[in-house]
> 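After the structure tokens below, expect a handful of questions from me.
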Amino acid sequence: MTASRKLLCRLEELPEGSSRGFTVDVASGRDEIFVVRKRGRLFGYRNTCPHTGSPLDWVPDQFLNLDGELIQCATHDALFRIEDGYCIAGPCAGKALSPVTIESRNDEIFLIPE
């Protein structure tokens with residue numbers, strides 16, 4: 001395991017169909033990210049809306065719309081595909097969330113900093 005890998009949580013702490021936010025220390029300072037677990041896969045993004053730079057969640061760990069099929073910005077109601085962060089509706093349509101590299105190993109979820 002490389003020294004730069006950052007443990008976020010255990011896999012069981014991020015149930016299927018849920019999301020969770022994290023503040024992590026990286027070489028450039030602190031970074032706000034979130035991870036979504038969907039259909040057995042993990043997707044990670046910076047917690048920053050491409051429209052204004054505001055955080056996507058108003059309530060901690062609430063990054064998904066009501067049916068859990070899309071990521072939703074709490075400020076503008078912009079909707080993003082979970083699989084690639086691409087905005088399909090809202091003021092930043094056509095833009096995308098900034099991805100982060102996530103890895104699952106031994107039932108733990110890690111951030112792999114750039």
Side-chain angles (χ1 to χ4, degrees):
M1 185 162 69
T2 62
S4 63
R5 189 172 292 157
K6 304 285 184 184
L7 176 64
L8 298 175
C9 67
R10 296 197 46 76
L11 195 57
E12 65 194 27
E13 296 173 300
L14 184 65
E16 176 64 31
S18 71
S19 58
R20 185 168 172 189
F22 302 92
T23 300
V24 292
D25 292 321
V26 293
S28 60
R30 294 195 134 192
D31 207 356
E32 301 290 329
I33 67 166
F34 69 98
V35 179
V36 177
R37 186 173 178 188
K38 181 83 174 181
R39 294 183 185 96
R41 295 177 58 200
L42 298 172
F43 304 91
Y45 299 98
R46 285 195 169 73
N47 186 7
T48 306
C49 180
H51 179 227
T52 64
S54 63
L56 293 155
D57 60 330
W58 272 353
V59 176
D61 302 327
Q62 297 295 318
F63 294 93
L64 302 178
N65 66 346
L66 289 176
D67 65 9
E69 293 299 315
L70 297 165
I71 297 165
Q72 182 173 10
C73 177
T75 304
H76 316 101
D77 290 328
L79 296 171
F80 304 86
R81 293 187 303 226
I82 293 171
E83 297 76 12
D84 60 8
Y86 184 80
C87 184
I88 59 168
C92 49
K95 295 184 180 179
L97 300 173
S98 297
V100 296
T101 303
I102 300 297
E103 175 182 89
S104 176
R105 179 179 284 196
N106 299 326
D107 294 323
E108 295 178 318
I109 300 172
F110 296 89
L111 169 68
I112 310 299
E114 298 170 357

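Numbers for residues simply follow the sequence, beginning at 1. The figures that follow rest on heavy atoms only: side chains count, while hydrogens, waters and symmetry mates do not.
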> Parallel, tilted or perpendicular for H51 and H76, by the 30°/60° rule?
perpendicular

> Can we say E69 and R39 salt-bridge, meaning some charged N sits less than 4.0 Å from an Asp/Glu carboxylate O?
yes

> Please determine which of E16, E108, R37 meets the side-chain contact (heavy atoms from CB on, under 4.5 Å) test together with L11.
R37

> Which pair of non-hydrogen atoms, one from A78 and one from P91, has the smallest distance, and what is that distance?
CB-CD, 4.3 Å

> When clusters are formed by joining ILVMFWY residues with side-chain heavy atoms under 4.5 Å apart, either directly or through shared neighbours, do L79 and L97 land in the same one?
no

> Can you measure from CD (Q72) to CG (D67) and round to the nearest 0.5 angstrom?
9.5 Å

> If two hydrophobic side chains count as joined below 4.5 Å and joins carry through other members, does Y45 share a cluster with L42?
no

> Between K95 and C49 (side chain of the first, backbone of the second, donor and acceptor by atom type, cut-off under 3.5 Å), is there such a pair?
no

> Can you sort out the partners of D25 under side-chain hydrogen bond (donor to acceptor under 3.5 Å, both in side chains), two or more places apart, ordered by chain and number?
R30

> Rounded to the nearest 0.5 Å, what separates atom OG in S104 from atom CZ in R41?
13.0 Å

> So how far is it from R20 CZ to E13 CD, rounded to the nearest 0.5 Å?
5.0 Å

> Among the clusters formed by ILVMFWY side chains lying less than 4.5 Å apart, do L111 and V36 turn up in the same one?
no

> Passes side-chain contact (heavy atoms from CB on, under 4.5 Å), L14 versus L8? Steps please.
CA-CA 10 Å; L14 184 65; L8 298 175; over 6 Å; no

> Should I82 and F63 be regarded as members of a common hydrophobic cluster, given that ILVMFWY residues are connected when their side-chain heavy atoms come within less than 4.5 Å of each other, either directly or indirectly?
yes

> With a 3.5 Å cut-off and sequence neighbours excluded, list the donor-acceptor pairs that the side chains of residues 52-61 form with protein atoms.
| unit_1 | atom_1 | unit_2 | atom_2 | d |
| --- | --- | --- | --- | --- |
| T52 | OG1 | S54 | N | 3.4 |
| T52 | OG1 | S54 | OG | 3.1 |
| D57 | OD1 | N47 | ND2 | 2.9 |
| D61 | OD1 | G21 | N | 2.8 |

> Does the side chain of E12 come within less than 4.5 Å of D107's, by heavy atoms?
no

> Do you know which two heavy atoms are closest between P50 and A96, and how far apart they sit?
CG-O, 3.8 Å

> For E83, is there an ion pair with R81 - N to carboxylate O distance below 4.0 angstrom?
no

> Go through T48 and E32 one step at a time and tell me if the side-chain contact (heavy atoms from CB on, under 4.5 Å) criterion holds.
CA-CA 8 Å; T48 306; E32 301 290 329; 6.0 Å; no

> With clusters defined by side-chain heavy atoms of hydrophobic residues (ILVMFWY) lying less than 4.5 Å apart, directly or transitively, does L70 cluster with F43?
no

> Could you give the distance from CD1 (I102) to NZ (K6), rounded to the nearest 0.5 Å?
13.0 Å

> So which of N65, I71, I88 actually passes side-chain contact (heavy atoms from CB on, under 4.5 Å) with F80?
I71

